[in-house]
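Numbers here are sequence positions counted from 1. Atoms within each ligand, like the ligands themselves, are counted from 1 in listed order.
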Amino acid sequence: MDVQKKVIIALDFPNSDKAFALVDILGEKAKIYKVGSELFTSYGPGIVKELRDKGKDVFLDLKFHDIPNTVGASAKVSTSLGVKIFNVHASGGSEMMKKAKEESLKEAVKNGQAPPLVLGVTILTSLTSDMLVEELKILCSVDNQVIHLAKLAKDSGLDGVVCSPFEAKMIKEACGNDFIVLTPGIRPLWSVTDDQKRFKTPQDAITDGADFLVIGRPVTKNEDPKGAFEKILDEINS
Ligand code: C5P
């Protein structure tokens, strides 16, 4: 198993100086970085190009959610930036997800590049079943809604979903092994938990079927980020 290609480091920084400093510290072994809305908004799309120029793959975590035409246009531009993965909210509906995948594929073919993985965000892990029912008037449990949205994402042509590591197993069972599962909410046993309430160790998440793990603070806030990152790779390998 090529573990280095499964661990995505979250560049949750307000500016590029800190982000590039970490990329330099982690060196060769760190292959994929997540760029979220904070860094993207502060630095702009050039952040993707700079990471690509350093030989890194990028997961663009902007969670598009809009009318199909607008999301399709965002998918096209994301693809032209050369990202490896980007995501949309599955709750935007099947037409929106189909358009995202369609426009992304068209752009990749036009540019002669490998098409990015397009993932659907199911239910944010910050939402509880009570909040679904009381605030959003979605009258079912988080688990049922996650499975429903994962199946909808699959039927709409997406490559997989972003979900909690606690949902990985059931999504693989419902949608098949080839359907990609990417999970944040990862904490090694030796790490502080920060604000993550429900988390799994990297080894457990992989055992449950996660294809990609997003890891932030256990590495980025560690006083020895490179040591922490390599310890995670070693633990998964063992
Ligand atoms: O620092 P930490 O490992 O908790 O970072 C996890 C990353 O994954 C952050 O960028 C966070 O925003 C993101 N994320 C998450 N939980 C979700 C969705 C995204 O922690 N449900």
*Asks:* I'd like to know whether ligand 1 has D12 as a neighbour, heavy-atom separation below 4.0 Å.
*Replies:*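 For ligand 1, residue contact (heavy atoms, under 4.0 Å) with D12 is present.
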
*Asks:* Return a table of donor-acceptor pairs under 3.5 angstrom between the side chains of residues 227-236 and protein atoms on other chains or two or more places apart.
*Replies:*
from : atom 1 : to   : atom 2 : distance (Å)
E235 : OE1    : W190 : NE1    : 3.3
E235 : OE2    : W190 : NE1    : 2.8

*Asks:* What are the atoms of ligand 1, with element, lying closer than 4.0 Å to any heavy atom of G216?
*Replies:*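 Selected atoms, number and element: 1 (O), 2 (P), 3 (O), 5 (O).
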
*Asks:* What protein heavy atom is closest to atom 20 (O) of ligand 1, reported as residue, atom name and distance in Å?
*Replies:*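 In this structure, atom 20 (O) of ligand 1 has Q196 NE2, 2.8 Å as its nearest protein heavy atom.
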
*Asks:* Hey, looking at atom 4 (O) of ligand 1, which of E38, K63, R217, R198 has the closest heavy atom?
*Replies:*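 Among E38, K63, R217, R198, the closest heavy atom to atom 4 (O) of ligand 1 belongs to R217.
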
*Asks:* Do the rings of H89 and H65 sit parallel, tilted or perpendicular, given the 30° and 60° boundaries?
*Replies:*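 H89 and H65: tilted rings.
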
*Asks:* Could you check whether any side-chain N or O of N144 sits under 3.5 Å from a backbone N or O of I147, counting only pairs where one atom can act as donor and the other as acceptor?
*Replies:*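 Such a contact is absent between N144 side chain and I147 backbone.
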
*Asks:* Under the salt bridge (charged side-chain N to carboxylate O under 4.0 Å, His left out) rule, collect the residues that match up with K172, sequence neighbours excluded.
*Replies:*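 With neighbours one apart ignored, the set is D211.
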
*Asks:* Could you list which atoms of ligand 1 come closer than 4.0 Å to a heavy atom of V214?
*Replies:*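 That gives atoms 7 (C), 8 (O) of ligand 1.
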
*Asks:* Under a 3.5 Å cutoff, is there a donor and acceptor pairing between the side chains of T79 and S104?
*Replies:*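 S104 and T79 do have a side-chain donor-acceptor pair below 3.5 Å.
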
*Asks:* Can you tell me how far apart CG (D159) and CG (N87) are? Round to the nearest 0.5 Å.
*Replies:*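 So the CG of D159 and the CG of N87 are separated by 12.0 Å.
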
*Asks:* Going by the atom numbers of ligand 1, which of them fall below 4.0 Å from some non-hydrogen atom of P218?
*Replies:*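 Near P218, meaning under 4.0 Å from one of its heavy atoms, ligand 1 has 3 (O).
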
*Asks:* For atom 12 (O) of ligand 1, what's the nearest protein heavy atom and its distance?
*Replies:*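 Atom 12 (O) of ligand 1 sits closest to the protein heavy atom K34 NZ, 4.3 Å.
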
*Asks:* Keeping the roles fixed (side chain from E135, backbone from L127), state whether a donor-acceptor pair exists under 3.5 Å.
*Replies:*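 Such a contact is absent between E135 side chain and L127 backbone.
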
*Asks:* Mark up the atoms of ligand 1 that fall under 4.0 Å of a heavy atom belonging to R187, in ascending order.
*Replies:*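 So the atoms of ligand 1 that pass are 1 (O), 2 (P), 3 (O), 4 (O).
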
*Asks:* Any idea which protein heavy atom is nearest atom 17 (C) of ligand 1, and the distance to it?
*Replies:*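 Going by distance alone, atom 17 (C) of ligand 1 is nearest to T125 OG1, 3.3 Å.
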
*Asks:* Using a strict 4.0 Å cut-off to heavy atoms of P184, name the atoms of ligand 1 that fall inside it.
*Replies:*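 In order of numbering, the contacting atoms are 8 (O), 14 (N), 15 (C), 16 (N), 17 (C), 18 (C), 19 (C), 20 (O).
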
